[in-house]
Structure formats: structure tokens, C-alpha cells
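The structure appears right after this line, and notes come after that.
The chains referred to below are lettered A, B, ... by the order of the sequence lines, with proteins before strands, and numbering in each begins at 1.
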Amino acid sequence: MDWNLLLPLLLNGFIVGALYGVVAMSFVLIYKASQVVNFAQGEFLLVGAWVCWYFLTEWHLPFWAGFLFTMVFMTLFGIILQVVVLRPLIGEPVISVIMATIGLGIFFQALMKWIFGVFARPFPPIFAAERVELLGLQVQPVYLMSLAISVVIMAAFAWFFTASKHGLAMRATAFDQQVAQSLGISVPKVFAMSWAISALVSSVAGVVVGVVNGVSSALSFYGIKVFPAVILGGLDSVVGAVLGGIIVGLLENVAQYVDAEWLHIGNMYAIAPFYALILILLVKPYGLFGTKNIERV
Amino acid sequence: MTAMTPAGDFRTSYRADMALFPTRNTRLAVLLGLALLALLPLPSVARQYLENGGGLAQSYDDFLALFDIGRYGLGLLIQIGFLGIAALGLNILVGFTGQISIGHAAFFGVGAFSSAWLHEHGLPVLVCIPLAGVMTTVVGIVFGLPAARLKGLYLAIATLAAQFIIEDFFARAQWFTGGVAGRGTEPPALLGFSFDREETYFYVVLVAVVLMFAAAANLMRTRDGRALIAVRDHYLSAEMMGINLAYYRTLSFGIASFYAGIGGALYAHYLQFVSVEAFNIGFSIQFLGMVIIGGLGSISGSLMGAAFMVVLPEVVQLGADAIAGGPVDQALKLGANISFLRDMVVGAVIILFLVFEPDGLAHRWRLTKAYWKLYPYSH
């Protein structure tokens with residue numbers, strides 16, 4: 001056991017996992033509110049990161065202003081997508097809806113490549129300090145920022161769903177659409193809102209990853225990494241999504257460590273979550289916290 | 001498959017209802033269409049013969065040129081053929097059984113590599129192609145076993161995982177795929193005659209398409225085929241009627257993989273080279289696009305969807321070429337970004353079909369036929 005190697009990997013896994021958790025949360029939000037499985041979640045990160053990059057480098061806005069504009073843009077983006085593409089598909093079979101989000105994913109992936117090119121572009125530096133000391137480890141400040149933002153978003157989600165009026169309306173809609181409607185909740189509005197929040201939160205994650213690694217189409221892979229996380233946590237559980245994200249982040253890095261030390265297979269970092277995914281589906285398809293779906297005729 | 005028959009036109013026997021071709025004319029039309037298809041490569045062959053000193057007059061050449069679709073056109077038809085076979089497999093899974101797979105391209109790849117690998121071990125290509133189908137079926141059933149318990153979105157995610165795992169396997173298994181260098185292979189040969197050009201390979205694909213589509217059409221007339229449809233329509237009722245859900249879901253996965261394997265093998269021997277990177281998730285999504293555009297649960301629709309997906313990029317390319325050099329072209333930098341434009345069009349077309357024509361091209365074709373059949377008294 002080489003702790004000097006394993007410990008930074010674990011820390012990295014935790015930080016990246018927290019980001020997975022954030023993206024998984026926004027995925028679960030859409031699924032809970034409108035029963036849509038969003039295969040274009042990764043493209044939310046991608047579009048958000050590119051838009052923020054554009055504001056910062058082409059318009060030369062300060063970071064906070066660019067970030068704010070990005071959030072406004074992504075909110076509108078989410079609402080427009082829901083109203084234009086997903087609303088006509090309400091009531092269609094699950095396959096059609098999945099395919100529509102896949103279509104959206106291809107579309108925006110290609111559009112972003114067209115506008116911004118295929119190469120990764122770095123964000124302008126945001127922090128003055130190169131490294132800070134944490135528990136005896138050298139950590140980049142952007143990583144700390146990423147962790148802080150993840151925690152803030154998770155806290156905001158917790159507050160939103162337990163204390164705010166709109167969050168309660170959303171939970172009511174997820175519980176039973178008809179009852180929610182009879183209580184005066186506008187279900188279409190809730191759907192649009194869930195997409196807006198999801199796009200917004202994902203884009204925050206996208207910007208964070210962009211600041212750390214540079215913006216490129218590789219960002220949309222986060223949308224695929226989300227699946228092991230949400231399946232592990234249970235598809236309709238927000239807490240499960242966060243935990244699942246962190247576990248997947250740790251698993252990736254531990255797999256890489258095990259591979260580098262003993263197995264020497266290569267590429268375990270990218271592929272281990274999918275093996276885990278198949279195993280979970282075989283053993284416990286409803287995940288750690290998901291509702292068990294009991295079918296009655 | 002709801003056939004649209006005019007009012008008052010009833011089938012009087014069970015046999016008539018189950019017939020592959022409802023009337024003698026439809027059978028004639030299909031046979032005539034096949035015969036015409038079989039004639040397609042001949043003008044090209046004849047012209048090459050003339051060029052090589054056949055010694056006939058120029059006017060013959062001009063006449064033949066009218067019917068010559070060229071290697072390029074034949075190549076497109078061959079692509080439609082093997083993609084159509086694989087799409088049909090996916091349609092049996094998605095359209096007829098109601099299961100979803102986002103890993104079809106991976107199975108297509110398994111077929112391609114299996115056939116190339118078998119051929120390297122000394123088997124003739126025409127034996128390799130069906131064997132590759134069988135090998136892919138085995139792989140498909142391995143991944144289909146967990147799928148037997150899953151449906152809808154869980155299955156979508158499981159097959160997504162299968163896609164990445166198989167893709168990773170391709171990159172790693174050098175003995176099987178040739179690693180990053182890829183694997184070269186040879187065209188099929190029969191009794192010393194090599195099907196190495198578009199004009200000849202066309203017939204290999206044509207025979208395969210006819211066999212596979214006829215097999216699928218017949219499968220849907222058997223107990224097994226109807227069981228698949230019952231699983232799709234209401235799996236609880238199906239189970240109560242004594243249909244073994246796990247068995248039929250796995251069977252459907254196996255059949256889909258078999259079709260993908262055959263399509264992949266035909267692809268491998270057409271290109272004579274199989275690259276590890278070809279079978280990515282984007283390709284899988286293209287297969288799903290074919291099935292949706294063609295029409296879920298329609299056998300002929302699978303071929304229409306494949307044709308649509310093959311022709312669409314060509315049309316985009318033509319459109320881009322037509323405005324090349326113009327101000328629009330300058331502003332959008334089309335020349336360098338044409339592949340992105342194609343991807344965008346594919347994504348947009350999938351969404352547009354889902355919103356405006358969820359039953360696909362096959363449904364539109366039936367409506368068109370009904371319109372002319374009943375013209376001018378359509379009500």
C-alpha cells in the first residue's frame with residue numbers, strides 16, 4: 001500500500017465524485033419531476049461551460065458577471081428545451097422520450113464543436129495562488145472551490161425541497177401529478193422549472209470542471225458517468241444521487257490505483273463504473289435509496 | 001403491423017390474414033422489384049467491358065450510362081443493405097419486443113471482428129458470415145441475461161454499459177481485433193470467383209438482405225414472434241397467458257444480436273478493414289435513429305430508416321457543395337465543419353420525427369398507398 005499515491009487519488013475521487021453528485025442530483029430532479037430520463041445531461045455541462053468561457057474570454061467580463069450571465073442563459077435554455085421539445089412528447093412511450101433527449105445530446109454536441117472547435121480551451125486563471133496546503137497535501141485552489149460549490153449546491157437543494165414553496169410543489173408533483181394539479185399546482189410550470197434548475201445546476205458543474213481542466217467536448221462524458229451514480233443511489237433519490245456520485249468518483253480512482261499497482265490492465269479509470277453498474281443492476285436494481293416499484297395489475 | 005384495408009374489404013380466412021403477401025399483385029410487385037434491383041449493377045459492368053475494348057459503338061455506352069448508378073451509388077445501396085439488416089435486428093428488439101438497446105453498434109462490431117477473425121483462421125468468408133452471426137448471438141445472450149430482468153430505462157442504461165465494456169474489450173483484445181491497428185480481411189469468394197468489387201459484392205448483400213428480411217417476416221408469423229409482440233404490448237398479460245418473459249426477452253436479445261452480427265460481418269468484408277474506433281456510441285444511436293425514422297415495429301421500415309440515414313449525410317453534403325464559396329458558406333465555415341452539420345441534422349431529424357411522425361416512414365408509406373388506392377374518394 002502506497003499511501004502517498006492513494007491518498008491524493010482518494011481526495012481527487014472525492015472532489016470529482018462531489019461534482020458527479022451535483023450532476024446526478026440535477027438528473028434525478030428532472031426524472032422525479034417529469035419522469036424523463038435525460039441523456040443530454042452532459043450537454044448541459046458542455047453548453048454552460050462554453051457559454052461562460054465565451055463571456056469571459058470574448059466579452060472580457062469579470063468571473064462573477066460571466067458566471068451570473070451563464071446562469072441566466074442556462075435557465076432560459078432549460079425552459080425553452082422543455083417547452084419546445086419535451087412538452088409535445090408528454091405521454092409518449094419511454095423509448096421515444098429517451099431518443100428525443102439523445103437527439104438533443106447529438107445536436108448540441110455537434111453545435112458546440114462547430115462553434116468552438118474540437119480542442120480544449122483553458123479558462124482565464126481565477127485564483128492567484130497556485131497551490132494551498134490541506135492536511136499535508138498540496139491542493140489546487142480550484143479543486144477547493146469545486147468542493148465548496150458542490151456543498152453549497154447540495155445545501156441549496158436541501159433547503160429548496162424542504163422549505164421553499166416551489167420545491168414543495170415539485171415534490172408534490174413527483175408524488176402524484178393529479179393530486180398536485182387539484183391542489184392548484186401548475187404541472188407544466190413545474191416541469192419547465194425542473195428543467196431550468198437542472199440546466200442551471202449542471203452548467204455550474206460544467207463551469208467548475210472547465211475551470212479545472214479546460215473546456216472541451218469531453219465534458220459531455222459527465223452526462224454518461226451520471227448513470228452509474230444514479231443507479232447506485234436509486235433513480236428517484238436526491239440523497240442517493242449525491243452518495244452515488246461520490247462513490248463512483250472514489251471507485252474510479254481506487255480502480256485506477258488497483259490497476260496501476262497490481263492488475264496492469266489499463267483504462268480501468270474509465271471503465272470500472274460500468275462494470276459496477278451492471279453488477280448493481282443484477283443485484284439491486286433499485287439502488288441504495290430508490291423506491292421499489294411494486295406493480296399491480 | 002396494422003395493414004390499412006379499405007372499408008368492406010375483409011379477410012375471410014385465418015390463412016389470408018397471415019399471408020406474407022396479401023394479394024397476388026403484391027407478390028408480383030416484390031418479385032419485380034427484386035429483379036430490377038438485381039439488374040442494377042449490370043450497366044456498370046457492361047460499360048467497363050466496353051471500355052476494355054469490347055469494341056462496340058459509343059452510342060451503346062451513352063445508352064447504358066442512363067442506367068448506370070456507378071460504384072458510388074452501388075456502394076450506398078450496399079451500405080443500406082448491411083445497415084438495414086442490423087437495424088432490422090434492433091427493430092425486432094425495440095419495435096417488436098419493446099426492449100431498448102443503446103449498444104447495438106457494439107454487437108455490430110462483434111460481428112465484424114468475429115468474421116474477420118474466423119477468416120484469418122482459415123474458414124472461407126461465406127461460412128464466416130453466418131458463424132459471426134452465431135458468435136454475436138452468444139455475446140448478445142451473455143449481455144441479454146441481465147437484460148431479461150430489466151426493462152425500459154434500466155435496460156437502456158445496462159446496454160449503455162455493455163456498449164462501453166465491449167468497446168473497451170475491442171481496444172484491449174489484440175488477438176481478436178488487432179488492437180489500435182485494426183484488422184484487415186478479404187472479400188468473399190465462391191468457387192474461385194471473388195466478390196471484391198461493388199458490382200459483385202452487391203449481390204452478396206442483396207441475397208443476405210432478402211434472406212434476413214424474409215426470415216424476420218416469417219418469424220413474426222410464428223408463435224415466438226407473436227409472443228414477442230405480446231411481451232411488448234402488455235407484459236403482465238403475456239406472462240399470465242403462459243409466455244415466459246425472461247426467455248422471450250433473452251431470445252429477442254439473441255435475435256437482435258444475430259442480425260447485428262450478420263450486418264457487421266457484411267460490413268467487414270465490404271470495407272476489408274475493421275477499425276477498433278468505428279463502433280462507438282454515436283453509431284449505436286444512429287441505429288436507434290434508423291429504427292425510429294423507419295418506424296418502430298415495421299419490418300420494411302427498418303430498411304427505409306437505414307436508407308434515410310445513409311442518404312441524409314449525402315444530401316447534406318450536396319447541399320453544402322451547392323452553396324460552397326457563397327457568403328453563407330464563408331460565414332459558417334461549412335467546408336471544415338461539414339461533419340458537425342451532419343451530426344446536427346441527424347439529431348434534429350430524430351427529434352422532428354419523434355414529435356411529428358412518431359410512427360416513422362413506414363406509416364407515411366402506408367398512408368400514401370391508401371391515399372392513391374382510394375383516390376379520389378378518400379372518405
Report task. Would you please name every residue forming a ring pair (Phe, Tyr, Trp, His ring centres under 6.0 Å) with Phe287(B), sequence neighbours left out? Result -> His104(B), Phe108(B), Phe283(B)
Query raised in the report: With only heavy atoms counted, which part of Leu104(A) is less than 4.5 Å from chain B, the side chain, the backbone, both or neither?
Result: both
Report summary line: All heavy atoms of Phe340(B) vs all of Ala110(A), minimum pair found to be O-CB, 3.3 Å
Report task. Return the option, out of Met112(A), Gln109(A), Lys113(A), with the maximum number of heavy-atom pairs under 4.5 Å with chain B. Result -> Lys113(A)
**Report entry** Leu145(B), part contacting chain A, at a heavy-atom distance under 4.5 Å
**Finding:** neither
Report task. Check Met99(A) against Ile285(B) and note the closest heavy-atom contact, atom names and distance. Result -> CE-O, 4.4 Å
**Report entry** Part of Phe108(A) lying under 4.5 Å from any heavy atom of chain B
**Finding:** neither
Query raised in the report: Say you draw a straight line from CD1 of Ile350(B) to OG of Ser96(A); how long is it, rounded to the nearest 0.5 Å?
Result: 12.0 Å
Query raised in the report: If you round to the nearest 0.5 Å, how far is CG of Leu354(B) from CG of Leu86(A)?
Result: 10.5 Å
Report summary line: Pair count under 4.5 Å, heavy atoms only, with chain B: among Ile106(A), Ile102(A), Val230(A), Val118(A), highest is Ile106(A)
Requested in this report: Considering only heavy atoms, give the residues of residues 219-229 of chain A separated from chain B by less than 4.5 Å, sorted numerically, with 'none' for an empty result.
Outcome: Phe221(A), Ile224(A), Phe227(A)
Requested in this report: To the nearest 0.5 angstrom, please state how far the CD1 atom of Ile102(B) sits from the CZ atom of Phe39(A).
Outcome: 3.5 Å
Query raised in the report: Is it true that atom CH2 of Trp175(B) has more than 12 heavy atoms of other residues, nucleotides or ligands lying nearer than 6.0 Å?
Result: yes
Query - Residue pair Trp114(A) / Met344(B): nearest heavy atoms and the distance that separates them - result: CE3-SD, 3.4 Å
Report task. Pick one of side chain, backbone, both or neither for Ile292(B), based on which atoms fall under 4.5 Å of a heavy atom in chain A. Result -> side chain
**Report entry** Least distance between heavy atoms, Ala162(B) atom then Ile278(A) atom
**Finding:** N-CD1, 4.5 Å
Requested in this report: Could you tell me which portion of Ile351(B) (side chain, backbone, both or neither) has an atom closer than 4.5 angstrom to a non-hydrogen atom of chain A?
Outcome: side chain
Query raised in the report: What part of Ile231(A) gets closer than 4.5 Å to chain B, counting heavy atoms only: side chain, backbone, both or neither?
Result: side chain
Query raised in the report: Rounded to the nearest 0.5 Å, what separation is found between the OH atom of Tyr275(A) and the CD1 atom of Ile165(B)?
Result: 5.0 Å
Query raised in the report: Which value, rounded to the nearest 0.5 Å, describes the distance between Leu235(A) atom CG and Ile157(B) atom CD1?
Result: 5.5 Å
